[in-house]
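Structure first, commentary second.
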Amino acid sequence: MTSLLDGLNPEQLAAVTLPGQSALILAGAGSGKTRVLTTRIAWLIQTGQVSPLGILAVTFTNKAAKEMLTRLTAMLPINTRGMWVGTFHGLSNRLLRTHHREAGLPQLFQILDTADQLSAVKRLLKSLNVDTEKFEPKKVQYFISGNKEAGLRPQQIEVFDPYTRRLVEFYAAYDEQCNREGVVDFPELLLRSYELLARNDVLRAHYQERFRHILVDEFQDTNRLQYRWLKQFAGAQSVLMAVGDDDQSIYAFRGAHTGNMNEFQRDYAGDNVIKLEQNYRSHGNILDAANALITQNQSRLGKNLWTAEGSGEPIRVFEAYSDQEEAGFIVEEVKALQREGTALVDMALLYRSNAQSRVLEHALFSAGVPYRVYGGLRFFERQEVKHALAYLRLLANPDDDGAFSRVVNFPTRGIGARTLEQLADAAQAGGTSLWQAARAKADASKDSAKGLPGFVALMLAMQEGTQGLPLPEVIEHMLHASGLAAHYLAEKEGADRLENLNELINAATVFANDPEAMAELDEVGGPLASFLAHAALEAGDHQAGAGTDALQLMTVHAAKGLEFHAVFLGGLEEGLFPHEQSMNEQDGIEEERRLMYVAITRARRRLYLSHAQSRMLHGQTRYGIVSRFIGELPPALLKLVNTRRNAAAPAGYDSYVAPASSVRSNTSPWRIGMNVRHAKFGVGVVVNVEGQGDDMRVQINFGGANGMKWLALEYAKLEPA
DNA sequence: TCGTTAACATTTTTT
DNA sequence: ATGTTAACGA
């Protein structure tokens with residue numbers, strides 16, 4: 001009989017079977033972290049140390065939670081229903097639905113995503129007549145969310161200046177608005193849950209008694225509030241296991257607090273720290289490079305990856321003249337690897353920022369290489385889907401002013417800014433929601449066919465018409481009754497949007513038939529509310545093309561947790577990677593270096609690093625020098641593979657150790673402001689110069705009929721005039 | 001109310 | 001270069 005424990009290395013085994021004590025697991029990249037986590041849960045259950053209901057397992061992404069459940073059901077013949085395995089937000093949602101009264105929330109509270117939250121802030125600032133030049137909505141939103149994530153309510157924030165005082169007032173008013181409307185933003189889900197347990201001794205005791213084993217994934221990414229949230233669930237006999245890798249902490253910019261790892265040691269684990277350092281993913285050279293790089297960071301707990309496999313191939317470095325040449329090189333290599341039998345899905349093009357994908361996409365498209373770009377707009381974030389969801393939200397909770405504002409005049413039904421302003425005033429005066437105010441107004445009005453009364457009639461009819469219908473039919477009814485379907489049908493470019501709306505019905509059908517998903521949320525508010533929560537908490541994979549063999553394009557951030565046979569990392573230039581914005585930030589370079597570490601450790605067998613001397617950025621050519629990170633890798637592991645020139649690498653590859661002088665001075669004879677003569681266009685003045693050497697081109701104003709011209713110096717015959 | 005234009009900003013991202 | 005949003009005029 002095979003055991004769960006078969007095939008684990010000694011450290012993994014120690015982590016999986018650790019008896020009754022809390023521990024911190026430092027799990028390096030590719031060290032079998034997820035396996036340890038799921039095997040431990042399975043082992044605890046199988047050996048009868050805990051019932052499935054006694055487990056609390058928390059992840060960051062829905063994907064990770066799903067993966068954990070899938071692996072768990074493969075290992076154990078148990079029903080995962082009712083088990084608390086999920087994301088911080090998903091579990092908070094469950095807690096708050098169950099105890100909505102104690103938490104001071106309506107049962108059907110709606111969840112605001114980041115965009116909804118921003119429009120709520122805008123609406124608030126408008127109602128307070130705030131000058132949005134002085135207080136940008138984005139900044140106010142950032143302030144509110146930031147403080148919530150630090151666990152702070154308005155009255156707990158220390159104020160030293162009038163500006164902050166104002167922000168705190170907005171925060172308080174914003175909370176009031178949300179309470180009035182029955183909506184909850186992302187950080188509020190956590191803060192509300194935390195406060196609920198912190199204040200309610202009975203509830204806290206209940207959950208602490210229940211959860212004997214608490215496990216957290218990606219612990220290095222937790223923020224302060226998440227850690228405090230966890231601590232509320234941990235009772236005297238709870239055993240905690242936090243799994244993380246400080247070297248892969250790349251989300252400090254959004255509030256992740258690596259200090260949590262030290263605090264966790266102090267609070268729970270003590271010396272109980274297990275390091276998983278054996279890597280099952282990459283060949284030796286790749287790991288040596290990663291180790292050498294990350295050693296340069298000062299603040300780390302310390303860890304060194306090793307592998308039982310051989311060194312493998314050297315890391316290939318390509319130095320391009322331009323981003324275009326870089327892209328061309330990558331495409332050629334990809335095609336060569338494909339010819340040798342590597343599937344495209346097993347190769348990835350990684351970059352620091354999304355803007356870099358454009359050139360790559362262009363080159364791939366021209367070469368006919370299928371590719372798939374990750375990131376970008378997700379399904380539930382699309383405009384048409386948001387409109388549809390807003391109608392549904394309004395059906396579930398008419399007092400949701402955000403949803404009301406979004407659709408009251410969409411599709412347009414002749415309700416202008418004037419009307420809405422009056423409505424907002426009336427609502428504010430009467431202390432009611434927009435919907436209530438609109439109803440009052442409609443009742444007083446004679447003509448109920450159009451305008452605001454028309455909208456009120458529409459919603460009332462919709463409420464009635466959807467009564468008792470199954471979820472997909474509710475949506476279908478809404479799409480037609482609201483006029484959304486007709487609107488996008490009439491629109492020139494509306495076909496895609498219509499398709500997405502149909503896809504929404506599909507999603508609802510799938511959701512309504514998925515016992516797991518329904519079981520999770522159905523008990524707490526009905527299918528519509530469950531579906532809306534699902535839409536808010538799980539933005540939806542931008543699927544399409546799954547299953548086909550396509551090259552993978554994504555940012556380094558998005559690649560975390562993934563692995564590929566071959567990885568191409570482009571744009572290794574100072575200012576781009578490390579990003580220039582990071583240089584001003586506290587510990588910015590160290591986070592960039594961790595990011596580089598993540599990128600390197602994605603590769604199983606082959607790793608390409610490339611950089612370009614010139615690159616189009618924001619419509620201008622920028623000249624960059626090679627990233628310091630290449631210089632931080634042991635030269636012996638690198639191989640320069642430029643084929644077009646420098647067929648052989650320069651001795652010792654020293655130029656990378658001291659990246660000094662790639663910046664060229666502008667030696668061109670053509671300068672801005674200079675008068676020049678052209679054979680055909682006559683005399684003009686140089687207004688702009690771009691590029692280097694043969695690539696150089698100048699913009700000249702010839703005036704009159706010829707006007708502005710861009711001329712390539714390689715071809716245009718110019719002389720000073 | 002709607003369509004056009006000017007201004008603007010532009011690292012990374014999940015929930 | 002490019003996409004998005006705010007302001008403006010028909």
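Chain letters run A, B, ... following the sequence lines, proteins first and then strands; every chain starts at 1.
- Side-chain atoms of A:Asn500 and A:Glu384 include a donor-acceptor pair closer than 3.5 Å.
- The side chain of A:Asn354 places an N or O atom within less than 4.0 Å of a non-bridging phosphate oxygen (OP1 or OP2) of B:dT12.
- Between the side-chain ring of A:Phe253 and the base of B:dT12, a stacking contact exists by the 5.5 Å and 30° definition.
- Distance A:Leu112 CG to B:dT14 P: 19 Å, rounded to the nearest Å.
- Look at OH on A:Tyr351: it is 9 Å from P on B:dT13, rounded to the nearest Å.
- Proximity of A:Lys138 to the phosphate of C:dT5: no side-chain N or O atom is located under 4.0 Å from OP1 or OP2.
- Side-chain atoms of A:Tyr374 and A:Gln552 form a donor-acceptor pair, as typed in the model, at a separation below 3.5 Å.
- Within 4.0 Å of A:Leu350, counting heavy atoms only, lies no atom of the nucleic acid at all.
- Aromatic ring orientation, A:Tyr227 versus A:Phe219: perpendicular (interplanar angle above 60°, classes split at 30° and 60°).
- Atoms CD and OG, from A:Glu591 and A:Ser582 in turn, are 9.0 Å apart once rounded to the nearest 0.5 Å.
- Nearest to the side chain of A:His579, among B:dT15, C:dA1, B:dT11, sits B:dT11.
- With no hydrogens or angles considered, no side-chain donor-acceptor pair links A:Glu67 and A:Thr34 at under 3.5 Å.
- Here the side chain of A:Met616 is nearest to one of B:dT12, C:dA1, B:dT15, namely C:dA1.
- A tilted orientation is assigned to the rings of A:Tyr488 and A:Phe410, their planes being inclined by 30° to 60°.
- If you take CE of A:Met554 and P of B:dT14, they are 12 Å apart, rounded to a whole angstrom.
- Of the residues in residues 588-597 of chain A, none has a non-hydrogen atom less than 4.0 angstrom from any atom of DNA chain B.
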Please write out each protein N/O paired with an N/O of nucleotides 2-6 of chain B under 3.5 Å, distance rounded to 0.1 Å.
| from | atom 1 | to | atom 2 | distance (Å) |
| --- | --- | --- | --- | --- |
| B:dC2 | OP1 | A:Thr412 | OG1 | 2.6 |

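- At the heavy-atom level, A:Phe88 lies nowhere under 4.0 Å from the strands shown.
- Judged by distance alone, the side chains of A:Trp229 and A:Ser92 do bring a donor and an acceptor atom under 3.5 Å apart.
- For the residue pair A:Thr258 and A:Asp246, no side-chain donor N or O sits within less than 3.5 Å of a side-chain acceptor on the partner.
- With distances taken from any side-chain atom of A:Arg378 to the nucleotides B:dT12, B:dT15, B:dT13, the minimum falls on B:dT15.
- Using modelled atom types and a 3.5 Å distance limit, the side chains of A:Asp245 and A:Gln220 yield no donor-acceptor pair.
- A:Asn62 comes within 4.0 angstrom of sugar-phosphate atoms only, judged by non-hydrogen atoms across all strands, and of no base.
- For the pair A:Phe410 CZ and B:dT1 P, the interatomic distance rounds to 13 Å; values are reported in whole Å.
- In this structure, A:His557 forms no aromatic stack with the base of B:dT12, since the conditions of centre separation below 5.5 Å and plane angle below 30° are not both met.
- Counting to the nearest Å, the C1' atom of B:dT14 and the CD1 atom of A:Ile111 are 14 Å from each other.
- Side-chain N/O atoms of A:Thr114 and base N/O atoms of B:dT15 include a donor-acceptor pair closer than 3.5 Å.
- If you measure from atom NZ of A:Lys560 to atom C1' of B:dT12, you get 12 Å, rounded to the nearest angstrom.
- Toward the 5′ end of DNA chain B lies the nearest nucleotide of A:Ser353, the other residue of the pair A:Ser353 and A:Glu381 mapping further downstream.
- No side-chain donor-acceptor contact under 3.5 Å links A:Arg393 and A:Asn397.
- Here the side chain of A:Glu326 pairs a donor or acceptor atom with the backbone of A:Gly571 at under 3.5 angstrom.
- For the pair A:Phe60 CZ and B:dT15 P, the computed distance is 11 Å after rounding to whole Å.
- Taking atom NE2 on A:His618 and atom C1' on B:dA7, their separation rounds to 16 Å, with Å as the unit.
- Taking only side-chain nitrogens and oxygens, A:Asn223 never comes nearer than 4.0 Å to OP1 or OP2 of B:dT14.
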